[in-house]
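Lettering follows sequence order; numbering is per chain, from 1.
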Amino acid sequence: MLQVNYIRQNRDKVIERLAIKNFTQTGLVDEIIALDDERKKVQAAFDNTQARVNSASKEIGQFMRLGQKHEAEALKAEVATLKTNIDPLKTEMTNVEKRLTEKLLLLPNLPSDKVPQGKTPENNIVVREGGVKPTLEEAALPHWELTTKYKLIDFELGTKITGSGFPVYTGKGAKLQRALVQYFLDFNTSAGYVEYLPPFMVNEESAYGTGQLPDKEGQMYYAAADNFYLIPTAEVPVTNVYRDTILKEADLPVKMTAYSPCFRREAGSYGKDVRGLNRLHQFEKVEIIQIVHPDKSDEVLEEMVNHVEKLLKSLDLPYRILLLCGGDMGFTSAITYDFEVYSAAQGRWLEVSSVSNFQDFQTNRLKCRFKDGAGKTQLTHSLNGSSLALPRIVASLLENNQQANGIMLPPALHQYFGAEWIM
RNA sequence: GGAGACGUGUCCGAGUGGUUGAAGGAGCACGCCUGGAAAGUGUGUAUACGGGAAACUGUAUCGCGAGUUCGAAUCUCGCCGUCUCCGCCA
């Protein structure tokens with residue numbers, strides 16, 4: 001959530017920046033400023049009246065102690081009158097604050113200066129590419145056939161047990177998942193990220209904290225009996241570790257990594273997008289998260305992009321890095337880089353990571369702050385990225401490395417998988 | 001799930017209706033003391049919002065929410081959480 005004071009001081013800039021994200025309800029910005037004006041007015045009125053009540057109450061106490069009943073009674077009468085004003089003021093104050101927050105929650109984060117204009121993925125900018133696209137045999141198979149051929153994943157079984165989009169990994173397929181998770185976590189902890197194993201369900205407050213609510217309500221599975229949400233990414237529970245926290249400047253940066261299954265309803269998806277591993281309701285992912293000094297978040301974003309790139313390189317997969325345009329970015333992000341790997345048999349790029357700087361948008365909701373050198377409390381910046389999401393990595397590994405007699409795994413995985421080939 | 005106890009600041013801990021935003025202690029920060037340190041000693045040490053150039057100041061906050069009262073950390077109700085015992089259980 002943007003800070004009201006920032007909006008007040010930078011009204012025109014806010015509107016201009018929001019346009020880059022194709023957010024055109026500019027009236028909302030002025031509504032927010034007007035509501036904030038009203039809030040101040042009402043609060044001043046309330047504070048003044050309450051101050052008088054408080055001081056009168058103290059005086060009443062003094063009179064009572066001295067046994068001056070008449071004086072006390074006179075003051076009580078005055079307070080009674082004041083109180084008839086206070087109740088409506090208080091109601092109005094709560095009301096205005098609530099309306100202000102509601103409006104503020106509707107404003108997406110402002111895109112940073114580097115974000116290109118554009119409405120659709122075609123406007124994303126390819127920052128760089130790496131790896132070599134393999135040349136496959138005529139008889140090469142898409143991953144959903146390879147997983148059957150080598151008995152790695154049973155999609156139909158998952159449909160029977162739960163529903164479509166909930167695959168069952170079997171044998172080598174299950175082991176490959178485990179190997180990848182282990183490898184990714186080790187890779188991240190070696191770079192100084194502290195490993196977490198968080199809850200896979202969160203309460204409403206946490207879902208608001210990272211911005212899943214109220215924006216993406218329909219995308220999360222919801223356990224109504226307990227009012228819990230199944231996490232769509234480890235970002236949610238792990239970033240909330242620092243909700244309502246004031247850190248010391250020396251504690252920064254906070255670097256965390258976590259494996260978790262991710263649950264996504266993916267309402268509205270269909271067709272070739274959801275074939276095989278391309279889009280699932282439940283999948284495995286390892287996430288990296290940093291909470292940093294606001295002056296550092298730009299450079300930390302680059303650091304995280306380089307980190308993920310190094311990891312992808314170690315898997316010998318052809319990849320490219322995209323700088324997302326305003327229209328393709330998430331609600332909470334100020335700048336996002338997507339990583340895609342080339343899935344050779346499908347002949348298409350698949351997103352396997354998304355690295356974003358949220359600046360103070362999440363931390364403002366989370367109230368995650370730090371005390372600076374001058375003893376002033378300010379908001380930290382938060383960033384996160386996938387490192388990495390498994391299914392599409394698996395799809396690409398299988399398709400790109402298939403040979404007549406099996407699938408050759410990249411050297412980085414041999415130790416973890418316990419073999420060089422899937423046969 | 002049942003019964004009971006409890007929930008105060010960074011931590012420990014006092015506080016059962018009236019200058020209590022909160023005693024006391026510890027920790028931490030800065031200073032004095034010291035050759036240096038320890039000990040000792042002095043000062044400071046919550047957050048949010050409003051007003052103010054600032055000093056400072058008003059309001060709110062003692063798990064959360066509502067209520068009683070002129071006045072609530074203190075009384076009442078609801079919720080959440082923790083602990084103990086019982087039940088159940090991987």
Side-chain angles (χ1 to χ4, degrees), chain A residues 1-9 32-105 197 199-209 223-229 237 240-252 254 261 291 360-380:
Chain A
M1 162 165 95
L2 299 174
Q3 299 185 72
V4 192
N5 283 337
Y6 181 86
I7 297 173
R8 297 185 74 98
Q9 286 156 21
I32 284 168
I33 294 173
L35 275 171
D36 192 48
D37 285 336
E38 200 183 334
R39 195 199 100 247
K40 287 187 187 189
K41 229 176 66 192
V42 178
Q43 191 187 331
F46 172 82
D47 283 359
N48 289 335
T49 318
Q50 187 60 250
R52 179 58 199 140
V53 170
N54 288 346
S55 66
S57 293
K58 277 182 188 170
E59 289 172 45
I60 291 171
Q62 313 240 339
F63 285 132
M64 299 292 269
R65 230 171 296 129
L66 297 169
Q68 296 173 287
K69 286 241 166 81
H70 278 298
E71 288 81 348
E73 289 305 322
L75 271 181
K76 278 194 194 181
E78 188 195 334
V79 170
T81 319
L82 289 173
K83 296 245 309 186
T84 58
N85 299 329
I86 281 191
D87 289 342
L89 279 174
K90 189 169 183 181
T91 311
E92 200 186 338
M93 195 163 79
T94 317
N95 192 331
V96 171
E97 272 167 9
K98 203 177 132 210
R99 274 158 56 209
L100 179 60
T101 308
E102 274 167 11
K103 299 282 181 199
L104 277 171
L105 286 173
L197 183 60
F200 301 150
M201 292 192 220
V202 295
N203 58 29
E204 217 177 339
E205 253 189 305
S206 295
Y208 270 100
D226 297 286
N227 198 18
F228 291 152
Y229 292 88
N240 272 281
V241 165
Y242 286 95
R243 170 149 52 83
D244 290 320
T245 301
I246 300 179
L247 291 153
K248 297 194 191 96
E249 189 163 359
D251 296 333
L252 303 175
V254 171
I291 293 170
D360 62 10
F361 191 85
Q362 284 185 333
T363 53
N364 187 32
R365 290 189 181 197
L366 291 164
K367 305 227 169 22
C368 173
R369 295 153 294 174
F370 74 102
K371 263 204 206 305
D372 65 20
K376 242 192 95 187
T377 306
Q378 2 172 354
L379 292 170
T380 56

Original post:
Now, which nucleotide makes the Watson-Crick or G-U wobble pair with B:rU61, with each of the two distances under 3.5 Å?
Top reply: B:rA46
**OP:** Give the rounded distance in Å between these two atoms: CG of A:Leu89 and P of B:rC49.
**Re:** 21 Å
**OP:** Using whole Å, report how far CZ of A:Arg243 lies from C1' of B:rU47.
**Re:** 16 Å
Subject >> Spacing of A:Glu38 atom CD relative to B:rC49 atom C1', expressed in whole Å >> reply: 16 Å
Subject >> Pairs touching residues 89-103 of chain A that satisfy salt bridge (Lys or Arg N to Asp or Glu O under 4.0 Å), sequence neighbours left out >> reply: A:Glu31-A:Lys103
Subject >> Within residues 361-374 of chain A or reaching into it, pairs that qualify as salt bridge (Lys or Arg N to Asp or Glu O under 4.0 Å) - sequence neighbours excluded >> reply: none
Original post:
What is the pairing partner of B:rA73, taking Watson-Crick or G-U wobble pairs with both distances under 3.5 Å in any strand?
Top reply: none
Original post:
Between A:Ser57 and B:rG18, is there a side-chain N or O to OP1/OP2 distance below 4.0 Å?
Top reply: no
Subject >> side-chain hydrogen bond (donor to acceptor under 3.5 Å, both in side chains) involving A:Ser206 - partner list, sequence neighbours excluded >> reply: A:Asn203, A:Arg243
Subject >> Value in whole Å for how far the C1' atom of B:rC70 lies from NZ of A:Lys69 >> reply: 14 Å
Original post:
Reckon A:Leu75 touches a base, only the sugar-phosphate, or nothing at all at heavy-atom distances under 4.0 Å?
Top reply: nothing
Original post:
Roughly how many Å is it from NZ in A:Lys367 to C1' in B:rC49, rounded to a whole number?
Top reply: 12 Å
Subject >> Partner residues of A:Glu204 under the side-chain contact (heavy atoms from CB on, under 4.5 Å) criterion, sequence neighbours left out >> reply: A:Tyr208, A:Leu213, A:Asn227, A:Tyr229
**OP:** Would you mind pulling out the nucleotide paired to B:rC11, Watson-Crick or G-U wobble, both distances under 3.5 Å?
**Re:** B:rG25
Subject >> Between P of B:rU47 and CG of A:Leu247, the distance in whole Å >> reply: 13 Å
**OP:** Could you encode protein contacts along nucleotides 50-68 of chain B as a string, one character per nucleotide from 5' to 3', using B for base contact, S for sugar-phosphate-only contact and - for no contact, with a heavy-atom cut-off of under 4.0 Å?
**Re:** SS------BSS--------
Original post:
Got a sec, which residues hit ring-ring contact (aromatic ring centres under 6.0 Å, His included) with A:Tyr242, two or more places apart in sequence or on another chain?
Top reply: none
